[in-house]
2 protein chains.
Amino acid sequence: MAGASRKHIMRSDSNSEDIRQFRRHEHLARKDEVHEAVYKIEEGWACRYCLLPDGRRQITALFLPGDYCEPQWMLSGRSELPIVALTEVRAVAVPLATVHAKPGDSVMKLLGAVVDMLNRQSDWIVGLGRKSATERVGSLLAELHRRLHDVGRAIGGRCTIPLTQQDIADVVGLTPVHVNRVLGDLRQRGLVQFSGKTLIVPEPEQLHAAVLAAA
Amino acid sequence: MAGASRKHIMRSDSNSEDIRQFRRHEHLARKDEVHEAVYKIEEGWACRYCLLPDGRRQITALFLPGDYCEPQWMLSGRSELPIVALTEVRAVAVPLATVHAKPGDSVMKLLGAVVDMLNRQSDWIVGLGRKSATERVGSLLAELHRRLHDVGRAIGGRCTIPLTQQDIADVVGLTPVHVNRVLGDLRQRGLVQFSGKTLIVPEPEQLHAAVLAAA
DNA sequence: CGGATCCTTGAGTGGGCTCAAAATTAGTGG
DNA sequence: CCACTAATTTTGAGCCCACTCAAGGATCCG
């Protein structure tokens, strides 16, 4: 990450990476802000959210380690909604000028991330519109477990979910009280286990089956 | 698909446009289908939907005249969910090969459409997660009125909404019975009027205000 | 050790659902 | 153009899932 002092700074690539740190509850982006870089999350979690005038909050995207934080900024150049850190976050700022200059691999990665985000949002519309509380919470845990597993952060069904129950409620469109009850139910049914912020999914397939389309 | 056998295919524009017709309930795309073209809707409405194993349906996108039907196919090449015509539909198939060949205006339009879809989906997550039935239905009518107005299809607060109440229910995540009651309520409050499939919004701002963040 | 945040549990309420049937409209073939 | 059927809309009665309000316990952190 260091080593910026060279003669020819032509290739603005890996030397002197622009690393940013954010404390919990600190904003990575505000509403309607102009951006000339996207973040690649290295460590920690963040979310995009919408705050209604009367205080209701809805989270519309979760950013986990390895995710690009708002790949569509490459296309639009601005954030429509605020992004806030849910934990301490370490991220790399990827300048869009650089990406545009060499339209190769990195552009494709970002465009792929845009498509992933579209599909993930579409899935959550289905969940919020047509699934029960238990199905929504179960689906969220299953999805988070899968995403963490995909980046090597779930070993033996074990992973860390740093969300509060209030956060979970704001993702799945429920109240924190009800989320608490649903989590208790899932645990009693043996589909998941907790110890602190650690989530254990003994049988991912069983959770997936129990949660999708309870006939 | 036709019209490729000529000497100078320089201007691949208006000659022999690939126009497709779809009857109501006919599919424009199936799940997991490969696409080498996107549709530009000329006339009629279509939707993307998800059908859960037990029969519940959730609509995750509406396509109105002027919309590109699945701009992200340019990036992914395949449909994740089925698209079905809600009315008779006339659409132009825009071959992606053509678009890629001359990466200019049309590419930007499609990428802009992708960003619009992301933002619209994000808005609907907020609605489904945190808004009441009345707010959701009112928001939908307000949004549809605005989108139709933007393409010159709402004259004097008057526009055509060819959706059944069942369709509306599958967009806003309610039952058709409850949608019917909510519509009656909105009409009684003078926020909207109906006559057949024609929707009249006397005061768009009043509807918008009544529906967003009822304190 | 004190304060704040977060989790847990109980009791009661209500918004949207289910079930059911009738009225209206749209579609279709003769 | 009409008879017939299917689809859609409307209305009523009762129920349940998730919400609200509230209080006590646990955990974290300075």
Side-chain angles (χ1 to χ4, degrees), chain A residues 23-25 45 52 54-58 84-88 127-141 160-188 192-199 211 214-215, chain B residues 23-26 52 54-58 84-88 127-141 160-188 192-199 211 214-215:
Chain A
R23 293 186 305 277
R24 186 161 122 101
H25 295 162
W45 290 33
L52 297 186
D54 64 350
R56 285 174 287 181
R57 182 177 76 148
Q58 176 66 42
V84 74
L86 294 170
T87 68
E88 185 132 312
L128 290 170
R130 292 302 181 200
K131 289 185 183 174
S132 70
T134 304
E135 290 172 312
R136 292 187 218 173
V137 175
S139 295
L140 176 62
L141 296 183
T160 300
I161 309 283
L163 303 174
T164 68
Q165 294 183 4
Q166 174 69 255
D167 293 331
I168 296 175
D170 289 341
V171 173
V172 297
L174 298 169
T175 55
V177 173
H178 200 59
V179 166
N180 182 275
R181 293 182 166 125
V182 169
L183 286 174
D185 182 51
L186 289 173
R187 189 178 44 212
Q188 274 195 333
V192 297
Q193 297 166 36
F194 307 105
S195 55
K197 292 298 181 189
T198 299
L199 166 71
V211 128
Chain B
R23 294 186 305 277
R24 186 161 123 102
H25 294 163
E26 192 178 351
L52 298 186
D54 64 350
R56 287 174 288 181
R57 181 176 78 150
Q58 177 66 42
V84 74
L86 293 170
T87 68
E88 185 133 311
L128 290 170
R130 292 303 181 199
K131 288 185 183 172
S132 70
T134 304
E135 291 173 310
R136 291 188 218 173
V137 174
S139 294
L140 177 62
L141 296 182
T160 300
I161 309 282
L163 302 174
T164 67
Q165 295 182 6
Q166 175 69 254
D167 293 331
I168 295 175
D170 288 340
V171 173
V172 297
L174 298 170
T175 56
V177 172
H178 200 59
V179 166
N180 181 277
R181 293 182 166 124
V182 170
L183 286 174
D185 182 51
L186 289 174
R187 189 178 46 212
Q188 274 194 334
V192 296
Q193 297 167 35
F194 306 104
S195 55
K197 292 298 182 189
T198 299
L199 166 72
V211 127

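Keep in mind that the numbers below use all heavy atoms, side chains included, and drop hydrogens, waters and symmetry copies. All chains are named by letter (A, B, ...) in the order of the sequence lines, taking the proteins before the strands, and each is independently numbered beginning at 1.
Bracketed by its first and final contacts, the part of DNA chain D lying under 4.0 Å from non-hydrogen atoms of chain B reaches from D/dT8 to D/dA13 in 5' to 3' order.
Between the CD atom of A/Q166 and the P atom of C/dA4 there is a distance of 18 Å, rounded to whole Å. Look at NE2 on B/H178: it is 15 Å from P on C/dG14, rounded to the nearest Å. Counting to the nearest Å, the C1' atom of C/dG27 and the CD atom of B/E88 are 14 Å from each other. Atom CD in B/Q165 sits roughly 16 Å away from atom C1' in C/dG16 (whole-Å rounding). Atom-to-atom, CZ of A/R56 to C1' of C/dG15 comes out at 13 Å; the value is rounded to the nearest Å. The distance between atom CG of A/L183 and atom P of C/dT8, rounded to the nearest whole Å, is 8 Å.
Exactly one of A/I161, A/T87, A/T160, A/L163 qualifies for a side chain to side chain contact (heavy atoms under 4.5 Å, CB included) with A/K197. That residue is A/T160.
With sequence neighbours left out, A/R130 forms a side-chain hydrogen bond (donor to acceptor under 3.5 Å, both in side chains) with B/D170.
In this structure, A/L141 and A/V211 have side chains that are not in contact, with every pair of non-hydrogen atoms separated by 4.5 Å or more.
Of the side-chain N and O atoms in A/N180, none sit less than 4.0 angstrom from OP1 or OP2 of C/dC7. At the phosphate of C/dC17, OP1 or OP2 sits under 4.0 Å from a side-chain N or O atom of B/T175.
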**Report entry** side-chain contact (heavy atoms from CB on, under 4.5 Å) between B/V137 and B/D185, intermediate numbers included
**Finding:** CA-CA 11 Å; B/V137 174; B/D185 182 51; over 6 Å; no
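In terms of position on DNA chain D, the residue among B/L163 and B/R181 whose nearest nucleotide sits closer to the 5' end is B/L163. Residue B/V182 is the one, among B/R24 and B/V182, whose nearest nucleotide of DNA chain C lies closer to the 5' end (criterion: closest heavy atom). Sequence order on DNA chain D of the closest nucleotides to B/H25 and A/S132 puts B/H25 first from the 5' end.
At distances below 3.5 Å, not a single donor-acceptor pair connects side-chain atoms of A/Q193 with backbone N or O atoms of A/R187. A donor-acceptor pair is defined here as one N or O able to donate and one able to accept, closer than 3.5 Å; such a pair exists between the side chain of A/D167 and the backbone of A/T164.
Minimum heavy-atom separation, B/R56 to A/S132: NH1-N, 4.3 Å.
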